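Presented below is the structure to which this report refers.
Everything numeric here is computed off the predicted structure, so don't read it as measured data.
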Amino acid sequence: MDSQKTKTLGIVLILFLLLLFYKCPIQSVTGLPCPGCNMKTSLYYLLHFKFSLSLYYHALLIPTLIVFVVVLMNLNKPERIKKLLIIWAIFMIVYYIYRMIVYFPNSPMIYSKENLIYFIFRHV
């Protein structure tokens with residue numbers, strides 16, 4: 001595998017691991033949900049065949065999984081991957097703005113008081 005394929009695969013795997021196992025670093029610092037917040041919850045409901053709940057928590061989970069698979073299948077075509085990821089990022093940003101306007105600060109886009117900024121200002 002050449003270095004470009006290895007780099008791309010590494011980035012994709014890191015993003016996938018972040019999706020599954022880590023708490024959102026943006027929400028941990030600011031308390032604000034990020035564009036990918038609730039994807040784990042959405043994945044949980046998808047795996048339990050509760051599709052309406054999965055869509056409620058993050059409607060772009062299924063397209064994100066499809067993009068992940070397509071990227072893996074096209075590791076030797078970096079230009080195609082770049083275009084696909086740019087389109088995916090645009091959709092994520094537009095969907096994030098929509099969710100922040102429609103839902104924030106209510107479920108599923110909840111403000112978390114368990115964050116660094118809130119902790120600092122609470123103790124100052």
Side-chain angles (χ1 to χ4, degrees):
M1 203 182 286
D2 67 12
S3 66
Q4 180 63 32
K5 287 183 192 177
T6 304
K7 182 179 172 183
T8 304
L9 183 59
I11 291 169
V12 169
L13 289 175
I14 288 170
L15 291 174
F16 187 70
L17 289 173
L18 285 173
L19 170 68
L20 293 179
F21 299 110
Y22 293 99
K23 186 174 179 184
C24 175
I26 293 172
Q27 196 166 33
S28 295
V29 173
T30 68
L32 298 171
C34 73
C37 276
N38 295 308
M39 273 206 176
K40 279 196 301 189
T41 306
S42 180
L43 181 62
Y44 171 83
Y45 286 117
L46 181 67
L47 294 174
H48 287 88
F49 302 103
K50 296 181 179 180
F51 300 111
S52 61
L53 281 172
S54 177
L55 290 172
Y56 171 74
Y57 280 100
H58 206 296
L60 293 182
L61 172 69
I62 294 171
T64 299
L65 294 173
I66 292 169
V67 166
F68 176 75
V69 170
V70 171
V71 165
L72 288 178
M73 292 171 41
N74 289 284
L75 287 176
N76 59 343
K77 300 172 185 159
E79 278 303 310
R80 183 177 289 175
I81 290 173
K82 183 178 177 181
K83 289 176 188 174
L84 181 63
L85 291 178
I86 288 171
I87 292 168
W88 172 81
I90 291 168
F91 275 108
M92 287 291 286
I93 292 167
V94 169
Y95 182 61
Y96 175 69
I97 293 168
Y98 164 78
R99 289 173 60 179
M100 289 300 282
I101 292 169
V102 173
Y103 294 113
F104 186 78
N106 301 311
S107 179
M109 300 298 280
I110 298 173
Y111 174 77
S112 172
K113 288 186 177 179
E114 306 247 344
N115 69 74
L116 183 62
I117 293 173
Y118 185 79
F119 175 78
I120 290 169
F121 282 106
R122 190 176 65 212
H123 290 89
V124 173

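No side-chain heavy atom of Val69 sits under 4.5 Å from any side-chain heavy atom of Leu65.
Ile86 CD1 to Phe91 CZ: the interatomic distance, rounded to the nearest 0.5 Å, is 13.5 Å. Here the NE2-CG distance, from His48 to Leu43, works out to 10.0 Å after rounding to the nearest 0.5 Å.
Linking ILVMFWY side-chain heavy atoms closer than 4.5 Å, directly or via other members, places Leu72 and Ile87 in a single hydrophobic cluster. Met109 and Leu55 sit in two unconnected hydrophobic clusters of ILVMFWY residues. Membership requires side-chain heavy atoms under 4.5 Å apart, directly or through other members. No single ILVMFWY cluster, assembled from side-chain heavy atoms under 4.5 Å apart, contains both Ile101 and Phe104. Linking Ile, Leu, Val, Met, Phe, Trp and Tyr residues whenever their side-chain heavy atoms come within less than 4.5 Å places Tyr45 and Phe49 in a single cluster. Ile66 and Phe51 fall within the same hydrophobic cluster, where Ile, Leu, Val, Met, Phe, Trp and Tyr residues are linked whenever their side-chain heavy atoms come under 4.5 Å apart, directly or through other members.
Listed by first and then second residue, the side-chain hydrogen bond (donor to acceptor under 3.5 Å, both in side chains) pairs involving residues 85-99 are His58-Arg99, Thr64-Trp88 (not counting sequence neighbours).
Heavy atoms of other residues, nucleotides or ligands lying less than 6.0 angstrom from CE of Met73 number 12 at most. No more than 12 heavy atoms of other residues, nucleotides or ligands shown are found within 6.0 angstrom of OH on Tyr44.
Applying the side chain to side chain contact (heavy atoms under 4.5 Å, CB included) criterion to Ile93, with sequence neighbours excluded, gives Ile97. Under the rule for a side chain to side chain donor-acceptor pair (under 3.5 Å), the partners of Tyr111 that lie at least two apart in sequence or sit in another chain are Asn115. By the side chain to side chain donor-acceptor pair (under 3.5 Å) test, Ser107 is found to be paired with Tyr56, residues two or more places apart in sequence or in another chain being considered.
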For residues 27-37, which side-chain N or O atoms pair as donor and acceptor with protein atoms under 3.5 Å away, sequence neighbours left out?
| unit_1 | atom_1 | unit_2 | atom_2 | d |
| --- | --- | --- | --- | --- |
| Gln27 | NE2 | Ile110 | O | 3.0 |
| Ser28 | OG | Cys24 | O | 2.8 |
| Thr30 | OG1 | Ile26 | O | 2.8 |
| Thr30 | OG1 | Leu32 | N | 3.0 |

Using a 3.5 Å cut-off and no angle test, enumerate the donor-acceptor pairs between side-chain atoms of residues 74-85 and protein atoms at least two apart in sequence or in another chain.
| unit_1 | atom_1 | unit_2 | atom_2 | d |
| --- | --- | --- | --- | --- |
| Asn74 | OD1 | Arg80 | NH1 | 3.2 |
| Asn74 | ND2 | Val70 | O | 2.8 |

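Listed here is the closest heavy atom pair of Leu60 and Met92: CD1-SD, 3.7 Å. Closest approach of Ser54 and Ser42 over heavy atoms only: O-OG, 2.7 Å.
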